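First up is the structure itself, then whatever we jot down about it.
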Amino acid sequence: MMNFKNSEAGSVVLGLIKTIQDNKDFLSEVDGKIGDGDHGINMNKGFTMTGEKLAGKEFNMSEGLSILGATLLEDIGGSMGPLYGVFFDEMSMACEDKEEIDADVFKDMICNAVDGVMDIGGAKPGDKCLLDAMVPARDAFCAALEAGKDFSAALDDLKVAAKEGWQSTEGMIAKIGRASRLGERSRGVLDAGATSSYLMLTSLADSMQALMK
Amino acid sequence: MMNFKNSEAGSVVLGLIKTIQDNKDFLSEVDGKIGDGDHGINMNKGFTMTGEKLAGKEFNMSEGLSILGATLLEDIGGSMGPLYGVFFDEMSMACEDKEEIDADVFKDMICNAVDGVMDIGGAKPGDKCLLDAMVPARDAFCAALEAGKDFSAALDDLKVAAKEGWQSTEGMIAKIGRASRLGERSRGVLDAGATSSYLMLTSLADSMQALMK
Amino acid sequence: MNRIVNDPNYVVEDMLKGFVKANSDIVAATENSRVLKYVNAPVEGKVGIVTGGGSGHKPAFIGYIGKNMCDAVAAGEIFSSPTAKAFLDAMRAADSGKGVACLYGNYAGDNMNVKMAVRSAKKEGITVKTVVANDDCASAPKTELEKRRGVAGEVLMWKVGGAKASMGADLDEVIAAAQKAIDNTRSVGIGTAPCTIPAVGHPNFTIEDGTMEVGIGHHGEPGIKVEPIKTADEMAVEMLDIILPDLPFASGDEVVVLLSGLGATPVMEQYIVYNKVEEVLAEKGIKVYKAYVGNYFTSLEMMGVTLTVMKLDDELKECIDMPADSVGLKQL
Amino acid sequence: MNRIVNDPNYVVEDMLKGFVKANSDIVAATENSRVLKYVNAPVEGKVGIVTGGGSGHKPAFIGYIGKNMCDAVAAGEIFSSPTAKAFLDAMRAADSGKGVACLYGNYAGDNMNVKMAVRSAKKEGITVKTVVANDDCASAPKTELEKRRGVAGEVLMWKVGGAKASMGADLDEVIAAAQKAIDNTRSVGIGTAPCTIPAVGHPNFTIEDGTMEVGIGHHGEPGIKVEPIKTADEMAVEMLDIILPDLPFASGDEVVVLLSGLGATPVMEQYIVYNKVEEVLAEKGIKVYKAYVGNYFTSLEMMGVTLTVMKLDDELKECIDMPADSVGLKQL
Ligand SMILES: Nc1ncnc2c1ncn2[C@@H]1O[C@H](COP(=O)(O)OP(=O)(O)O)[C@@H](O)[C@H]1O
Ligand SMILES: Nc1ncnc2c1ncn2[C@@H]1O[C@H](COP(=O)(O)OP(=O)(O)O)[C@@H](O)[C@H]1O
Ligand SMILES: [Mg+2]
Ligand SMILES: [Mg+2]
Ligand SMILES: [Mg+2]
Ligand SMILES: [Mg+2]
């Protein structure tokens, strides 16, 4: 079975929350190398707040994503509030009227979300930022569908591309965000935002694949 | 020969200066345990300034002591400015009209100096302060003369008493100065001011004994 | 590192509450717990002055709320931009119908959150214009001014913008004065010891003992070089060597100098540096019209100093001369 | 420890020079390089206010020179009393013929140097009377008030004495008001990290990480107990538990609270403590009439806070309300 019900997929959002909580210290550590060391704190606060809002509630995937996006936008500042806020808000809007989530719906979700991030942040792949994991992941997913692969196989491709994209940030010079002032000194270290993006894309894909079983 | 010429004894003051300079760090270290750790700095500044004033000048012992006392009084604050300022000023006044310095002259010097310190500071032996070295030293010197000892032998007694008096401060509770607020916690540590007093009294006695040779 | 906090995750909340209690003659809370306002805001007939930024820079940002200064401030987490919502609520609190000048520093997060807030404010009929401070010479070459960070020069931008607004200027005039202030301002910092975000618990960058980092940012962003530590006089000369040619400042100029400690630097040391700064400026024929020395823009307990110099004209002088009553800057 | 100094033995000289340059609208040098005075001192017809003490406590002591504050200040070495000569020269600089109130803190060195200066001043026909601040509850039991140190409460003593003198009071009235101020003031400090005198080069006392010292003095004089570090709220409660019963303060009292950082404590943390202080006072029915939170009396880069509470009557309120224009305390 290559799709799943929106109404049964609230766990996707819980998976995202757990992923961030589990990687809180790691994300701050990566950010500390060429940033200000708070990426894990910022993310954890927003995701944990979302978890508290969702606790004991019934919610489907699009509702969960919507609350996540709104929480990030309203309650979390920094760069991550607006960037991931828009990301999850766009994802939510792309599926809110769908009962069944299939490859095409997810394609809209990831495409709109990535566009939203580019629009608000003005960055592009190669700038050493979120987009270095997001854009290759989106591209790989779309290419896989194009090539006739099924939803789950396309998510496998997405995960591989997200990981490679994330790892490629190590060799990059930051062109955006705090680290961009470092020039050459920003090379040789992974990007914090790309790290959280890779972890969340992987979590998303894993959760969805589990729902397909 | 049991006395020496005031005019040939400027070296006594140079010996005091060197003693303080050599023990600067030690004095601060002792002060750091229950005080604020600046005793060596304070003393070194005043004594070194005096050294600069005296450099290349002709001066006898009473003149040297007068400049030392005045420098401490005018240029060095803290407790040491007034206390040691008065101490050396009184010493100087007790010998300024003497050509020969003998046991009786020195007896006046040390007695007046110690009285001056007690007067301005309001402390007494047992308070864990300068006086715990000074008073026993003075008393031993006077007692030795009383017992018929000569100047040099009386200075030997003075040195022994100064050292014992100094060491006795270890067992005392401070009753005056910064450390007095510590109560029991001030016990078990030597007193900084008694340390410098012991060192200077020893230097004084050594210099004078050398002049007698 | 011994911190004086309760829950490290709620230091900003606790601090804001204490700040309002202690300074209730000047600042007031708003419905948004992350937004404080001047007790008299919105001031009838006056352009509102808004700023905001990450916390941990005391007295920036909330310490510059007050009479002839800022009307409302959005406070973020430690070293992290406030939310778009907080900026929006600050704009609401400051607007008396005359529009709002949002005068803030050039950081990615602040840019994005202000952008979203301005968009929402517009929908509500609040006109907001912005000036983005970029006074930190060390953060990008002169050819890329738009990439430079805002640092302690922001204090002078608020002083000028706040004074101009109180003089009755309209929004465009306030924006023009604040923009002129920051365009004529250059800053650079030297860091000598790092700081620790309470919720992180260890320094997130290092400055080795015996070294100093020239051009360091307010959040420990690496500077332009790491050198063996110099004397205070040499630091003053090195900072001026970066700042003066950049504008450039020239003989005959009158300037404001703002020398700020980064948090834990004894104020004594700041005056030791200032002593040389003024001496060098005098040698170059640059006259200090007014000096501000003290902890004006800090980074928790980071050590080091930032030097800011602003070139004056008559309008800027008039704004600098105006009295001010905020917690961080009081001028009679 | 990375210091920002030139020759560590001349930090006070360098600092004083920088201070005068930066604040020439308020302070002026005198013939004695260790004495600074208010630009308008001696103020015709006004009792002169003098203080002095060791350096390293910025803004104390020189930062409290100014309008309706102190007229002249004697500056000692770091943490060491000024010379008798410096106190005398400060008295000379402050006296307009109406006499001088020398308001200083209870330290052995200061007592001796002031004593000698007062004696010399008398010979010159300058009448000097003194108030010796002893607000630090932790420094001796209540039965030995005369042994207690003066700490941050001195700021309030200067504020009151300075205001009273500016109101035209005579020397005895000024002395009585300043004495009343300090008699109604209690302080206690908590230290969380030590400081280093530049010329010494290493901390001269230790506070282990994870511990705090309750009752610590402004020069690191050991306090009444060393405890595992507590939360900010618990520190506030612990300090109030020492201060409140000592005077004692009671329900219905109106008070001034002065919460000062010891130097390197982020101001954020000071407000976190203040938040709880005010809450506890409110619970006990004690009303905060005015709060001062910030670095009012420091010890180089020592960490920790001191809490000072002064009980008010109408006269003290009037003095506290008076505007002031000094570097360390500006009040509009
Ligand atoms: N304009 C932008 N577009 C996309 N990602 C960005 C942008 N600016 C910053 N980032 C990402 O933000 C990450 C830092 O996030 P975080 O540490 O939470 O915020 P801050 O930099 O405000 O402390 C960087 O690693 C980078 O990936
Ligand atoms: N009233 C006093 N009479 C005699 N000695 C005193 C008195 N007060 C303090 N002392 C001495 O001063 C010493 C400390 O000197 P120092 O460290 O130079 O000054 P401060 O205490 O001002 O830092 C103490 O060890 C004590 O011996
Ligand atoms: Mg970050
Ligand atoms: Mg000492
Ligand atoms: Mg951040
Ligand atoms: Mg001392």
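Note that the structure is a prediction, hence the values are computed from the model and not measured. Every chain is numbered from 1, with letters handed out A, B, ... down the list of sequences. Computed over heavy atoms, backbone and side chain alike; hydrogens, waters and symmetry mates excluded.
The environment of A:Lys163 atom NZ is sparse: at most 12 non-hydrogen atoms of other residues, nucleotides or ligands sit within 6.0 angstrom. Remark: A:Glu100 CD is packed, more than 12 non-hydrogen atoms of other residues, nucleotides or ligands lying under 6.0 Å away. Sparse packing is recorded around CD of A:Glu58, with 12 or fewer heavy atoms of other residues, nucleotides or ligands lying under 6.0 Å away. Counting non-hydrogen atoms of neighbouring residues, nucleotides and ligands closer than 6.0 angstrom, the NZ atom of C:Lys122 reaches no more than 12 such neighbours.
Considering only heavy-atom pairs separated by less than 4.5 Å from chain A, the leading option among C:Asn113, C:Asn9, C:Ile78 is C:Asn113. Of the listed residues A:Gly122, A:Gly37, A:Gly40, A:Gly78, the one with more heavy-atom pairs under 4.5 angstrom with chain C than any other is A:Gly78.
Note that CE of C:Met112 is 4.0 Å distant from CG of A:Leu83, once rounded to the nearest 0.5 Å. Taken from CG in A:Asn42 to OG in C:Ser80, the straight-line distance is 4.0 Å, to the nearest 0.5 Å.
Contact between C:Lys147 and A:Lys175 at its shortest, heavy atoms only, is NZ-O, 4.4 Å. Heavy atoms only, all atoms of each residue included: A:Gly77 and C:Thr83 are closest at N-CG2, 3.4 Å. Closest heavy-atom contact between A:Lys45 and C:Glu77: NZ-OE2, 2.9 Å.
Heavy-atom distances place both the backbone and the side chain of A:Leu73 under 4.5 Å from chain C. Using a 4.5 Å cut-off between heavy atoms, C:Met116 touches chain A through its side chain atoms alone. Contacts of A:Asp75 with chain C are made by backbone atoms alone, with heavy-atom separations under 4.5 Å and no side-chain atom involved. Neither the backbone nor the side chain of C:Leu88 comes within contact range of chain A, judged by heavy atoms closer than 4.5 Å. Using a 4.5 Å cut-off between heavy atoms, C:Phe205 makes no contact with chain A at all.
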